[in-house]
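Everything on this sheet refers to the single structure shown next.
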Amino acid sequence: MKARPAAGRIPWNALITASAFALLFFAITWVSLYRGPWYDEFYTQAVTLPTRSWSDALRTSWLRDNHPPFYYALMRASAWLGPVPRHRLVHLAILGAAGLAGWTLVQRDPQLRASALAALLVLLGARATIHTASELRSYFLSLCLGAVLALCLVRSWTAPKDRDRAALVTGFAATFLAFNTHIVTTLLCGALYVPFVGAALAARDGPRLRALLPPPLIAGTVFLGITAIQARYWGANTAHFWIEGGLGPLLDTLRYALQRTLEANLLLLAAATGGGLLLFSDIWRTRRLAALTAATLLLGAGLALGLLVLSALHLGLRPILIEKYLAPAVGVLAVLLGLCTARLVRAWPTHLASLLFLAALVVGGLGLRHNALWAAERESWYGTGRIIARVQAACPTTRVFIDPYWNADLIAMPPADNARVMPFAYREVARRLGFTLAPQGSHTLSRDCPNLFWAEHDPDSHFTAARIRAHLSGKGFALDTLTLTRVGYGWIASDGPLGHIAN
């Protein structure tokens with residue numbers, strides 16, 4: 001007979017899991033609605049508007065990007081959510097799907113349940129989680145896919161014959177999406193498979209190979225088919241790329257992504273360190289590798305291989321890495337920390353393990369609060385936009401001018417969608433914040449209110465007050481004075497001081 005749980009026992013781990021998801025849902029919602037948009041998010045929304053047919057968008061926009069088109073298709077399907085801040089809430093559905101996938105994978109394995117809970121608490125306090133979830137880009141999906149695929153691979157190694165149909169479907173779906181969301185995610189997640197497949201081949205383990213091989217082969221075939229179409233655009237799209245090359249920036253990118261994840265929950269880092277030592281002690285003492293221990297080592301080897309491959313491409317081919325692109329590595333590293341933590345708590349009484357996870361929930365929640373406040377104040381187009389809205393509200397005949405000249409370099413860059421995304425972004429900010437733009441090409445100035453010349457996406461501060469005034473004079477604007485106000489990566493040039501309104 002099966003043992004029944006003790007009467008009245010509180011399911012602490014289930015409550016902690018539910019609390020962690022609730023905190024993430026609340027934080028993602030708040031930051032998504034509060035944080036202002038930036039250019040790449042406008043790009044995502046502009047190329048997925050329902051004003052174009054699916055086939056036209058796929059052919060002329062999504063397949064001409066550097067990454068597989070799945071995320072754009074998802075954004076098109078969720079376009080009904082509305083403007084960028086509300087559209088970001090699609091990540092709540094992604095979080096929910098990742099949670100359901102994780103539960104499907106670990107429900108029959110108590111050791112994996114503890115590992116998944118620890119990984120969730122690491123991600124709760126990780127900066128990358130709330131940062132990527134509050135942007136209308138594919139990085140949060142990549143982070144979730146990295147974590148779910150890591151659990152899939154561990155599960156396939158520890159119980160390949162015991163996997164039920166739901167777990168098989170989950171593994172295939174996670175692999176398919178991981179291979180077809182972002183090219184860095186594809187490369188890193190593909191590398192995760194290599195040690196597992198290699199070890200199964202070396203052991204001539206047919207059941208494990210049958211569990212491991214179909215998802216990457218099918219997903220990889222689809223990726224290669226899409227790549228055959230996209231590859232011809234990659235050279236042009238990255239000919240004047242903004243990612244900094246060289247060993248120094250690469251090491252900084254790796255260090256920031258990995259170190260911030262390790263430091264996301266110092267309590268679990270300490271527990272994972274202790275658990276890792278116990279894993280090596282087990283190997284030394286028994287002279288054999290238990291399935292879960294082997295899976296942990298293989299997953300670590302896959303992560304190391306993926307980072308090595310990406311680093312080699314970054315240094316030898318073309319700069320391809322920034323910290324956000326390593327979002328899937330954050331998910332994988334969180335699972336590795338969870339696996340090591342689970343080894344430690346297996347040696348503890350149940351109530352002590354629950355106390356550890358409860359304390360880690362508190363630490364992760366405090367980290368989430370700190371990171372949410374940080375993410376909410378990231379640079380956005382609303383910094384300048386809100387000032388303009390206040391000026392025009394105070395003096396209704398204020399004229400607000402935009403000029404493609406300020407963004408000529410970006411507009412000229414491939415893909416060609418940049419040329420229409422930039423004016424879309426200005427119009428969208430004006431519409432959302434409730435101010436009016438002067439008609440394109442107009443030179444009529446207000447006599448009673450300020451005249452504002454507005455530009456965004458100038459991160460290197462190319463335009464000085466003298467250069468701005470020289471261009472405006474050449475366009476026919478008669479300006480006696482010009483005051484430049486910088487906010488984040490944007491600026492407002494005014495023919496009179498904005499005073500307290502700009503503060």
Closest contact, heavy atoms only, N66 versus W234: O-NE1, 3.5 Å
Modelled atom types, side-chain donor and acceptor of D65 and Y71, under 3.5 Å: no
Pairwise distance CG(L310) to CG(L187) - rounded to 0.5 angstrom: 5.5 Å
Taking every non-hydrogen atom, the tightest pair across C189 and F179: C-CE1, 4.0 Å
Within-4.5 Å side-chain heavy-atom neighbours: R432 and Y382: yes
Side chains of L49 and R76 in contact at under 4.5 Å (non-hydrogen atoms): no
S380: side-chain hydrogen bond (donor to acceptor under 3.5 Å, both in side chains) partners, not counting sequence neighbours: none
Heavy-atom side-chain contact between W374 and I130 under 4.5 Å: no
Any donor-acceptor N or O pair under 3.5 Å, side chains R137, T44: yes
R208 to W157, cation-pi by 6.0 Å centre distance and 45° axis angle: yes
Pair D417 + R64: basic N to acidic O under 4.0 Å: no
Flag side-chain contact, heavy atom, 4.5 Å: V330 against V122: no
Side chains of Y139 and Y325 in contact at under 4.5 Å (non-hydrogen atoms): yes
Considering all heavy atoms, the nearest P214-L209 contact: CD-O, 4.0 Å
Whether over 12 other heavy atoms sit under 6.0 Å from Y34 OH: no
Interatomic distance, L339 atom CG to T296 atom OG1 [nearest 0.5 angstrom]: 4.0 Å
Derivation of the side-chain contact (heavy atoms from CB on, under 4.5 Å) call for V154 and L151: CA-CA 5 Å; V154 172; L151 287 174; 5.6 Å; no
Partner residues of E263 under the side-chain hydrogen bond (donor to acceptor under 3.5 Å, both in side chains) criterion, sequence neighbours left out: Q259
L141 CG to T185 OG1 distance, which is reported to the nearest 0.5 Å: 8.0 Å
Spacing of L145 atom CG and L188 atom CG [to the nearest 0.5 Å]: 11.5 Å
Any donor-acceptor N/O pair, R343 side chain to L279 backbone, under 3.5 Å: no
Heavy-atom side-chain contact between L121 and V363 under 4.5 Å: no
Basic-acidic side-chain contact under 4.0 Å: D282, R288: no
Closest non-hydrogen atom pair between A116 and V106, with its separation: CB-CG1, 4.1 Å
side-chain contact (heavy atoms from CB on, under 4.5 Å), paired with F357, selected from L352, L120, T341: T341
Neighbour count above 12 (heavy atom, 6.0 Å) for W30 CH2: yes
More than 12 heavy atoms from other groups under 6.0 Å of CZ on R369: no
Verdict with supporting geometry, R113 and Q107, side-chain hydrogen bond (donor to acceptor under 3.5 Å, both in side chains): CA-CA 7 Å; R113 284 203 297 272; Q107 61 172 321; over 6 Å; no
L192 vs F196 side-chain heavy atoms within contact, under 4.5 Å: no
Pair H67 and W62, ring centroids less than 6.0 Å apart: no
Flag for S78-H87: side-chain donor and acceptor within less than 3.5 Å: yes
Spacing of OG1 belonging to T48 relative to CG belonging to L136, to within rounding of 0.5 Å: 7.0 Å
Charged N-O contact under 4.0 Å between R260 and E323: yes
Exam field: side chain Q230 to backbone P69, donor-acceptor pair closer than 3.5 Å: no
Over all atoms of both residues, closest heavy-atom pair of L105 and L112: O-CD1, 4.4 Å
Shortest non-hydrogen contact from L305 toward A191: CD2-O, 3.9 Å
Worked check of side-chain contact (heavy atoms from CB on, under 4.5 Å) between L321 and L326: CA-CA 7 Å; L321 289 182; L326 291 176; 4.0 Å; yes
Reported OH-to-CH2 distance for the pair Y489 and W381, which is rounded to 0.5 angstrom: 14.0 Å
Check ion pair E135-R35 (N to O, under 4.0 angstrom): yes
